[in-house]
Amino acid sequence: MFKVTIDGKTIEVQEGTTVLDAAKMLDIPIPTLCHHPKLTPFGGCRLCIVEIKGIPRPVTSCTTPVSDGMEVTTSNPYIEDLRKTVLELILSDHPNDCMVCEKAGDCTLQELAYFYGIRENRFEGERRIYTKRDGNPFIERDLEKCIMCGRCVKVCDEVEGVGAIDFGYRGFSSKICTPFGKDLNCEFCGQCVAVCPTGALTGKMWKQKGRQKDIKEIETTCPYCGCGCSLTLHVRRNEVIKITSREDTLNEGWLCVKGRFSYSFINSPDRLTKPLIRIAPKDQSNPPLPPFVKGGRGGINNSLLVTRYSSLFREASWDEAVDYIAKRLKTLKDKYGPDAIAGLSSARCTNEENYLFQKFMRAGIGTNNIDHCARY
Ligand code: SF4
Ligand code: SF4
Ligand code: SF4
């Protein structure tokens, strides 16, 4: 163990701990932009500089491991002045777009500019202008807002193992590139969006849907597969407008394309919201089957279905539907035995719901005829 003193507070930490992490353990805040606790340190943004006794120049705390007896100062007028200059330099090549930016209110760069009181910029010069927009279906890439922190590149490589993007070109022309400068074509997991500290990467589906302050956050479980990742639904006026995941969950905040972006079905007018009971064939006037019965996509909502196929289905309450199912299952079981019945469950259910379903089939009905559509 190494003993290190930061801003007059002493702590014992394991060898290899960085100064930034040791400061975090002491609850001493150090501003960062490129650092992410789940990614390897980069030391790119230079905001986390600190002074270490005996070292002539400030060093980046995210890449400096502690040594025994080290004495660190995280904040003094000199350090804060340097940090402010770093921020001013970043902002000198950044569109002042906060009023219309999707990330406003949830942007680390905006927050730091606020705390350092940067209103006007001393540095004026050439600006990077990128007119081409990426045509991919999910992720808005606004490279003018990119501060080259590299988080997206690292998460795509180190967490997702895809490597769909990387730094390209040199000096002022540097930018985050896709292969051959084409539209992003990858897994679309959105991890890069989740770790981007600015509005350079946002979800296309979120555009102008609502500000963070208007959003109610609801924790839930992803309905798509048995991994059961934790989701945070961002709900505005009873509509899910965005999905994220918290870092302190089992899935550590990482999601796949379905969990992160495939939520429009929630508010789809095609969704069945009430049980429908099929009318016995003898009572039907034999109309054509609706598309979903034939195996095609439904494309019709509850009321449309009932209006158009009123001789096939009728709307029922949940109590009536459940009673009806119970009665029919009992009749079939008594007449043909439990193995005449089979149950098909769904990948959209949670692990717990699927567990209950198999329990119901095995213990309630008495059959092992159970299957499950493994993927959505
Ligand atoms: S990325 Fe942040 S600082 Fe830049 S325009 Fe958007 S909200 Fe403002
Ligand atoms: S969406 Fe996922 S796979 Fe695509 S660039 Fe971002 S992190 Fe990489
Ligand atoms: S796109 Fe976002 S995460 Fe990637 S380098 Fe730019 S600012 Fe950083």
Side-chain angles (χ1 to χ4, degrees), residues 31-36 38-40 42-47 87-116 118-119 121 127-128 130 133-169 174-179 181-208 211-213 243-245 251-262:
T32 58
L33 272 169
C34 71
H35 178 75
H36 189 283
K38 305 245 165 69
L39 304 173
T40 53
F42 173 44
C45 73
R46 321 307 284 179
L47 271 183
L87 275 172
E88 283 177 303
L89 285 167
I90 292 172
L91 288 164
S92 70
D93 185 22
H94 191 86
N96 289 327
D97 238 7
C98 300
M99 274 194 287
V100 288
C101 183
E102 275 306 313
K103 193 78 172 178
D106 187 27
C107 172
T108 316
L109 182 59
Q110 189 189 46
E111 195 184 329
L112 286 168
Y114 167 79
F115 280 116
Y116 281 86
I118 302 171
R119 190 159 194 194
N121 209 304
R127 289 270 304 273
R128 293 168 305 162
Y130 300 113
R133 285 286 179 264
D134 198 305
N136 80 77
F138 296 109
I139 299 172
E140 188 71 55
R141 298 175 70 229
D142 187 343
L143 293 183
E144 288 175 23
K145 291 178 188 163
C146 173
I147 58 168
M148 301 295 281
C149 71
R151 282 190 188 196
C152 55
V153 173
K154 279 180 174 290
V155 81
C156 191
D157 181 28
E158 295 174 11
V159 174
E160 203 58 19
V162 172
I165 43 178
D166 207 342
F167 289 98
Y169 303 94
S174 307
K175 60 179 180 178
I176 303 299
C177 295
T178 53
K182 292 191 170 167
D183 289 348
L184 186 65
N185 186 6
C186 60
E187 310 277 311
F188 294 117
C189 61
Q191 318 305 22
C192 51
V193 180
V195 298
C196 181
T198 73
L201 299 176
T202 53
K204 287 191 173 172
M205 296 159 76
W206 311 339
K207 201 168 182 175
Q208 292 171 327
R211 288 292 194 206
Q212 198 62 25
K213 69 175 179 50
I243 288 183
T244 58
S245 184
N251 49 300
E252 302 187 348
W254 310 130
L255 296 173
C256 74
V257 60
K258 293 178 293 177
R260 198 180 299 279
F261 292 119
S262 308

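No experiment lies behind these values; they were computed from the predicted model shown. Order of appearance sets the numbers: ligands from 1, and atoms from 1 within every ligand.
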Which atoms of ligand 3 are found less than 4.0 Å from any heavy atom of A200? 1 (S), 2 (Fe)

By number and element, which atoms of ligand 1 are closer than 4.0 Å to a non-hydrogen atom of C107? 1 (S), 2 (Fe), 3 (S), 7 (S)

Taking only non-hydrogen atoms of F188 and a 4.0 Å limit, the atoms of ligand 2 in range are 1 (S), 4 (Fe)

Report yes or no: do N185 and T178 form a side-chain donor-acceptor pair below 3.5 Å? no

If you count the atoms of ligand 3 from 1 in the order shown, which ones are under 4.0 Å from a heavy atom of T198? 7 (S)

So which bit of I176 gets within less than 4.0 Å of ligand 3, heavy atoms only: side chain, backbone, both or neither? side chain

N/O/S from C34 sitting under 2.8 Å away from atom 8 (Fe) of ligand 3: no

Closest protein heavy atom to atom 5 (S) of ligand 3, given as residue, atom name and distance to 0.1 Å: G150 N, 3.2 Å

Identity and separation of the nearest protein heavy atom to atom 8 (Fe) of ligand 2: C156 SG, 2.3 Å

Heavy atom under 4.0 Å from ligand 3: found in R141's side chain, backbone, both, or neither? neither

Ligand 1 to C98, heavy atom cutoff 4.0 Å, flagged ligand atoms 3 (S), 5 (S), 7 (S), 8 (Fe)

Going by an N to O cut-off under 4.0 Å, is there a salt bridge joining K145 and D142? yes

Taking 2.8 Å as the cut-off, does C152 contribute an N, O or S atom near atom 4 (Fe) of ligand 3, distance below it? yes

Treating Q191 as the side-chain partner and L255 as the backbone partner, does any N or O pair qualify as donor plus acceptor under 3.5 Å? yes

So for L201, does at least one of its heavy atoms come nearer than 4.0 angstrom to any atom of ligand 3? yes

Within ligand 1, which atoms have a heavy atom of D97 less than 4.0 Å away? 5 (S)

Assess I139 for proximity to ligand 2: is some non-hydrogen atom of it under 4.0 Å away? yes

Of all the non-hydrogen atoms in the protein, which one sits nearest to atom 2 (Fe) of ligand 3, and at what distance? C196 SG, 2.3 Å

What protein heavy atom sits nearest atom 6 (Fe) of ligand 2, and how far off is it? C192 SG, 2.3 Å

Looking only at protein heavy atoms, identify the closest one to atom 1 (S) of ligand 2 and say how far it is in Å. G190 N, 3.2 Å

Which atoms of ligand 1 sit under 4.0 Å from any heavy atom of H94? 1 (S), 3 (S), 4 (Fe), 5 (S)

For G199, does its backbone N or O pair with a side-chain atom of E102 as donor and acceptor, under 3.5 Å? no

Is it the case that the side chain of R260 and the backbone of V193 share a donor-acceptor pair, with hydrogens and angles ignored and the cut-off at 3.5 Å? no

More than 12 foreign heavy atoms under 6.0 Å from OH of Y114: is that the case here? no

Which ligand 1 atoms are under 4.0 Å away from a heavy-atom of G199? 1 (S)

Any sub-3.5 Å donor-acceptor pair from R151's side-chain atoms to H35's backbone N or O? yes

Determine whether the side chains of K103 and T202 contain a donor N or O and an acceptor N or O closer than 3.5 Å. no

Backbone N/O of A104 and side chain of Q212: donor-acceptor pair under 3.5 Å: no

For the backbone of A200 and the side chain of T198, can you confirm whether one donor and one acceptor N or O come within less than 3.5 Å of each other? yes

More than 12 heavy atoms from other groups under 6.0 Å of NZ on K204: yes

Atom 4 (Fe) of ligand 2: which protein heavy atom is closest, and how many Å away? C186 SG, 2.2 Å

How about CZ on R119, more than 12 heavy atoms from neighbouring residues, nucleotides or ligands closer than 6.0 Å, or not? no

Any side-chain heavy atom of E140 within less than 4.5 Å of one from R133? yes

Of all the non-hydrogen atoms in the protein, which one sits nearest to atom 7 (S) of ligand 3, and at what distance? I147 N, 3.4 Å

Of all the atoms in ligand 2, which lie at a distance below 4.0 Å from a heavy atom belonging to E187? 3 (S)

Specify side chain, backbone, both or neither for P95, according to which of its non-hydrogen atoms lie closer than 4.0 Å to ligand 1. backbone

Main-chain N/O of V100 paired to D97 side chain as donor or acceptor, under 3.5 Å: no

